[in-house]
Amino acid sequence: MEKIKLNIALSGLNNIDSPGPGIPVIRGIRDSTKIDARIIGLAYDNLEPGPYMHELVDKTYKVPYPSDGVEPLLDRIKYIQEKEHVDVLIPNFDSELFTFMKSEKVLRDMGIRTFLPTLQQFEERHKSNLPQYGEKYGVKVPYSEPIGSIMDFRKIEEKFDYPVVVKGKFYDAYIAYDLEQVGIYFNKIAAKWGLPIVIQEFVRGTEVNVVALGDGNGNTVGAVPMRKTYITDKGKGWGGITLQDPAMLDLTHKIISQTHWRGGMELELIRTAANELYMIEINPRLPAWVYLAVAAGQNLPEALVMLAMGMEVKPFTHYEVGKMFIRYSYDMICDLKEFEQLSTKGEL
Amino acid sequence: MTRIKKNIAISDSGFVFDPGTGDSYSLNPTGLEIVQLIKSGKDFQQVLAEMSIKYEVDPESFERYYYDFTTTLKQLRLTESDGED
């Protein structure tokens, strides 16, 4: 079968110690037997490794941060579109999803397709809305409350037992053992990611994760459960293994069918000693470990691109259990000329 | 009687993999022999009889080591209990 030629733009090229999903998503697309892709990287920083990984990324454009506003970003995308004729755009950062979801129609008018959750799906799974989410969809979630200041937490402190988990609205989570630590982590996260901060009940157990893809009609296109076998001091999985876990898959199917989830997602779950599953977070995009799913037999990045193109995708029915990933660091040697080009011209 | 869970994979080299948790373990040759006997459906008396033929071991010591070993397997959730031995 002849491969379909597509121009695919994506962000999340920061393949660092807390990696974005861009490079693993590209690896999945490069492995595709159906898609012959030209990859256009969207970078926020001159030192993101992705732009210099020429075997994976064909061309990179610097883009303004979402916090600079929608207009500058769309102007830049428009410029990129004139040059590259992008067919599909895959945003890989939580923090930029809102902007791209809001701009879905504008992008479509430019000829750029996306495959993202709806605004309602995106909003209701926010960490600050998790208790309501759990109640609505019949999923066990730890008790949590959003706070805007330490004073707010003092008013609700008696509802929690220590330790508690202090979480940022997009990223970062710390376990705090007393009020003083809550204060420290509150300030640390708020300075980086803004408010609100979410205080969550600490559920003791093993963290397990599922990467999944919903077709937007309630069907799960694919899902692979995994346990991190090596966790860095930033809480990132540096190693993992696929699991045989029907309960995790049932929960994933239930959430996707009830919410009609559209796009990639990562479920973060805690399995307690009593074998109960608590959902602690839904990340509204494919995670950085998605290439493990590809290697285990489910090329979810390829399926996502095909769904974005309106093509038919048959749901995956199995995957290899016991497939492992071990992440590694590698000193890539780069030419100063290339750094100069990306820094000054914003293109490489 | 102790039974090894059906989904636990045990290789000839003594590598044990639990696909439900992703955990893996290594058995020494004696441990592997005992686990294979348990997996084949043998109870304590039958395992004792087989091991006594092959090795010089007094039943009292073997019983102590056997239950110590199977308790570890249970703690690691590799077994499911089906009545008493």
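Lettering of chains follows the sequences in order, A, B, ..., and the numbering in each one begins at 1. Just so you know, these numbers use all the heavy atoms, side chains as well, and skip hydrogens, waters and symmetry mates.
Considering all non-hydrogen atoms of both residues, F17(B) and T242(A) come closest at CZ-O, 4.5 Å. Among all heavy-atom pairs drawn from D245(A) and G20(B), the shortest one is OD2-O, 4.1 Å.
At most 12 heavy atoms of other shown residues, nucleotides or ligands fall within 6.0 angstrom of atom CZ in R27(A). Residue D12(B) places its CG atom among 12 or fewer non-hydrogen atoms of other residues, nucleotides or ligands, all under 6.0 Å distant. Within a 6.0 Å sphere centred on NZ of K39(B), heavy atoms belonging to other residues, nucleotides or ligands number more than 12. In Y328(A), the OH atom is not crowded: 12 or fewer heavy atoms of neighbouring residues, nucleotides or ligands sit closer than 6.0 Å.
Proximity to chain B is limited to the side chain of I241(A), based on heavy atoms less than 4.5 angstrom apart.
Interface summary for chain A: among T21(B), D18(B), N7(B), the most heavy-atom pairs under 4.5 angstrom belong to T21(B).
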